[in-house]
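For the single chain, residues carry numbers from 1 onward in sequence order.
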Amino acid sequence: MTKDHKKSKVALAHTQLPKTPTGISGLDEITEGGIPKGRPTLVCGEAGCGKTLMSLEFIVRGATEFNEPGVFMAFEEKAAELALNAGSLGFDLDKLQAEKKIRIDYVHIDRSEIEETGEYNLEGLFIRLGHAIDSIKAKRVVLDTLENLFSGLTNQAILRTELRRLFQWLKEKGVTAMITGERGDGHALTRQGLEEYVSDCVILLDHRVINQISTRRLRIIKYRGSVHGTNEYPFLIDEDGISVLPITSLKLEKEVSSQRVSSGIPSLDSMLAGKGFFRGSSILVSGTAGTGKTSIASYFANEACNRKEKCIYFAFEESPKQIIRNMKSINVDLQKHIDKGLLLFFASRPTLHGLEMHLVSMYKLIKKFKPRVVILDPITNLITVGSVSEVKAMLIRLIDFLQEEQVTVMFTALTLNNIVNEQTDEGVSSLVDAWILVRDIEFNGERNRGMYIMKSRGMKHSNQVREFVITDKGLDLVEVYLGPEGVLTGSAREAQKLHEQTGEVLREFAVSSKDREINRKRKMLEAKISNLQIEFESAEEELNKIYQEEELVKQVATKTRQDITNLRRGGDTRLKS
């Protein structure tokens, strides 16, 4: 067998490792299929990080989605307490137990009743757990938590021996086990420092608070025999359970579309080769306060809904009612799209969550609502809960996710005259496919708006500066108007137009006067020509008369000569006779 063939055999063995899907949103994607089938998995972390909830959801999802009954053996919470806690997530444990899809067994352990001897073992637990497994033919098992099971033991030798026996017994039983354990002191993952070594898969949960913002994170510490994500992933606990967001994909192999979608502003579409943006692309609209960024975003959302496409509008600054009211002043009715279920607003202050939690919430809502267009207004408010680099990293992950879903996203960003916001603007602009900049143009004592297309990847676009006008009829871009001093906007443009119109009238009057003078001279010239023509004809007639008289004289003279000649010839003839 060749070396390359051996390598391919090993690679094939890794890809065929049997796995049990957890059913937890995002976790199976990170683990590339789930946790190892028929092997124990350790879930560790500090109090309140979500260990019990994750293991409980593992059991419930298995019973309801994969037809795999499960046993949940608790050493800390009673069955009634677990059922009550799980009810807030929509899990009906009592019903599942009645249907024999799951079994919850509470084992009370009192430290005072544990006698530590050399013959201490877990045979009683094995019998009880084995009976529970056999009673419903369970495929999944949860032990929550190990610390309570071994809370009374101080003999490390006995403890280590029994831990190995427990994990080995679960393997021999052929069940996929999830065991929870508390975080150890210092850098240790667990209290005993052994559980992570005898487990085939170790998942670490973390609940941290930074700048008064809490974030939950998950990390796969190890996974024997399988490739897995090794980064930290944020996860969310809400009414639907746990949602993990796999957001650190480094592959740039996403599908792209050549289809174009309108911005909702015809004059802006004309600047983009008359067709608008690419579907599935990312667009940044940046500018100073009051330049109309939210109006542009609302027009984009309105146009998407007019195409019968769903849109999610994430607002970090204004409430939905404010946006709806304000947009009515520019002839945009967003409420009708909300009533039809095409437009969904999600408004929150950035300080509600950390950046990663915001990302998880967006990911989950987008997966659920399935929009074709997403708007974030404005992203610069996220600076309050993270640094510039963190916001950029978050937006990279969001853009990657939306491109995979072929969702077109529009960001708005506030530009101010300070370093932080300039860095944010420049950092984000390098990520997006199209960048539209709206700036104030101050001239002649007034402020107007100018729109630039800074870039638009993959398409021909205008490089002109257009005046951006907001009226009660909507949004529009005015064609470039050049004056003696360059591009003119506002009243300067109108004044220059009036000046040019006045000049045009004067030119027309001057041209009209010249035309009348020319017509007058033309008539005089034509009259002179007519007189000359008459004089010429009279002279010609006189000449013709003279010519005719001369011809008549010539004819008489010729006839006379002939007559004389004839007479002479007649006289000669008579004399001869």
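Checking side-chain atoms of Asn306 against main-chain N and O of Asn302 turns up a donor-acceptor pair under 3.5 Å. Under the 3.5 Å distance criterion, the side-chain polar atoms of His461 are left unmatched by any main-chain donor or acceptor of Ala273. Of the possible donor and acceptor atoms, one in the side chain of Asp28 sits under 3.5 Å from a partner among the backbone N and O of Thr22. Put simply, the side chain of Asp269 gets close to the backbone of Ser263: a donor and an acceptor are under 3.5 Å apart. Remark: the backbone N or O of Phe58 is paired with a side-chain donor or acceptor of Arg140 at under 3.5 angstrom. Of the possible donor and acceptor atoms, none in the side chain of Ser282 sits under 3.5 Å from a partner among the backbone N and O of Val409. Between the Ser270 side chain and the Ser267 main chain, a donor and an acceptor come within less than 3.5 Å of each other. Proximity of a side-chain donor or acceptor of Arg457 to a complementary backbone N or O of Val432 within less than 3.5 Å is detected.
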(request) Apply the test side chain to side chain contact (heavy atoms under 4.5 Å, CB included) to residues Phe411 and Val285: give CA-CA distance (whole Å), side-chain angles for both, the deciding distance (0.1 Å), then the verdict. (result) CA-CA 6 Å; Phe411 305 104; Val285 180; over 6 Å; no

(message) With side-chain hydrogen bond (donor to acceptor under 3.5 Å, both in side chains) as the criterion, how do Gln335 and Asp339 come out once you've worked through the C-alpha distance, each side chain's angles and the decisive distance to 0.1 Å?
(response) CA-CA 6 Å; Gln335 185 62 48; Asp339 297 338; 2.9 Å; yes

(message) I'd like to know whether Ile379 forms a side chain to side chain contact (heavy atoms under 4.5 Å, CB included) with Asn381, so could you lay out the CA-CA distance, the side-chain angles of the two residues, the decisive distance to 0.1 Å, and finally the verdict.
(response) CA-CA 5 Å; Ile379 56 174; Asn381 278 27; over 6 Å; no

(message) Using side chain to side chain contact (heavy atoms under 4.5 Å, CB included), reason through Thr176 and Thr41 one step at a time and then give a plain yes or no.
(response) CA-CA 8 Å; Thr176 304; Thr41 294; 5.7 Å; no

(request) Check step by step if salt bridge (charged side-chain N to carboxylate O under 4.0 Å, His left out) holds for Arg217 and Asp206. (result) CA-CA 5 Å; Arg217 295 175 185 267; Asp206 181 27; 5.7 Å; no

(request) Walk me through it: do Arg449 and Arg466 pass the test side chain to side chain contact (heavy atoms under 4.5 Å, CB included)? (result) CA-CA 8 Å; Arg449 303 174 181 89; Arg466 301 285 179 90; over 6 Å; no

(request) Please assess Tyr363 against Phe401 for the test ring pair (Phe, Tyr, Trp, His ring centres under 6.0 Å), listing each intermediate value before the final yes or no. (result) CA-CA 8 Å; Tyr363 176 94; Phe401 165 64; 4.5 Å; yes

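The heavy-atom pair separating Met271 from Ile453 by the smallest distance is CB-CD1, 3.6 Å. Here the closest non-hydrogen pair linking Leu284 and Ala413 is CD1-CB, 3.8 Å. Across every non-hydrogen atom of Leu334 and Ile324, the tightest pair is CB-CG1, 4.3 Å. Across every non-hydrogen atom of Val465 and Gly450, the tightest pair is CG1-CA, 4.4 Å. Nearest heavy-atom pair, Glu303 versus Ser262, reported as atom, atom and distance to 0.1 Å: CG-O, 3.8 Å. Shown here for Ile102 and Leu93, the closest heavy-atom pair between the two residues is CD1-CD2, 3.8 Å.
A cation-pi arrangement is not found for Arg349 relative to Phe316, the charged atom failing to lie both closer than 6.0 Å to the ring centre and inside a 45° cone about the ring normal. Geometric assessment of Lys19 against the ring of Tyr223 yields a positive cation-pi assignment under the 6.0 Å and 45° thresholds.
With rounding to the nearest 0.5 angstrom, the NZ atom of Lys321 is 8.0 Å from the OG atom of Ser319. To the nearest 0.5 Å, the span separating OG1 on Thr31 from CD1 on Ile35 amounts to 8.0 Å. Within the model, atoms SG of Cys311 and CG of Leu342 stand 9.5 Å from one another, a figure rounded to the nearest 0.5 Å. A distance of 7.5 Å separates OG1 in Thr408 from CD in Glu309, rounded to the nearest 0.5 Å. The line from NZ of Lys101 to CG of Asn67 is 7.5 Å long, rounded to the nearest 0.5 Å. Distance OG1/Thr380 to NZ/Lys293: 7.5 Å, rounded to 0.5 Å.
Proximity of Phe300 to Phe277: side-chain heavy atoms (C-beta onward) are separated by under 4.5 Å at one or more points. For the pair Thr64 and Leu96, the minimum side-chain heavy-atom distance is below 4.5 Å. Counting heavy atoms from C-beta outward, Leu272 and Phe278 have side chains that stay 4.5 Å or more apart. No side-chain heavy atom of Arg216 sits less than 4.5 Å from a side-chain heavy atom of Ile242. The shortest side-chain heavy-atom distance between Thr294 and Glu318 falls under the 4.5 Å cut-off. Inter-residue side-chain proximity for Phe235 and Met54 is flagged as unmet; no heavy-atom pair is nearer than 4.5 Å. Contact check for Tyr233 versus Ile30: side-chain heavy atoms found under the 4.5 Å cut-off. Side-chain contact between Ile330 and Ile470 is present, with heavy atoms from C-beta onward closer than 4.5 Å.
Open room surrounds NZ on Lys275; 12 or fewer heavy atoms of other groups in view lie less than 6.0 Å from it. More than 12 non-hydrogen atoms from other residues, nucleotides or ligands lie less than 6.0 angstrom from CD of Glu65. Counting non-hydrogen atoms of neighbouring residues, nucleotides and ligands closer than 6.0 angstrom, the CZ atom of Arg279 exceeds 12 such neighbours. Residue-environment remark: NZ (Lys364) exceeds the threshold of 12 foreign heavy atoms within 6.0 Å.
Test Lys310, Arg372, Lys367, Lys370 against Glu405 for salt bridge (Lys or Arg N to Asp or Glu O under 4.0 Å) and you get one pass: Lys367.
No hydrogens or angles considered: a donor-acceptor pair under 3.5 Å links the side chains of Tyr313 and Asp377.
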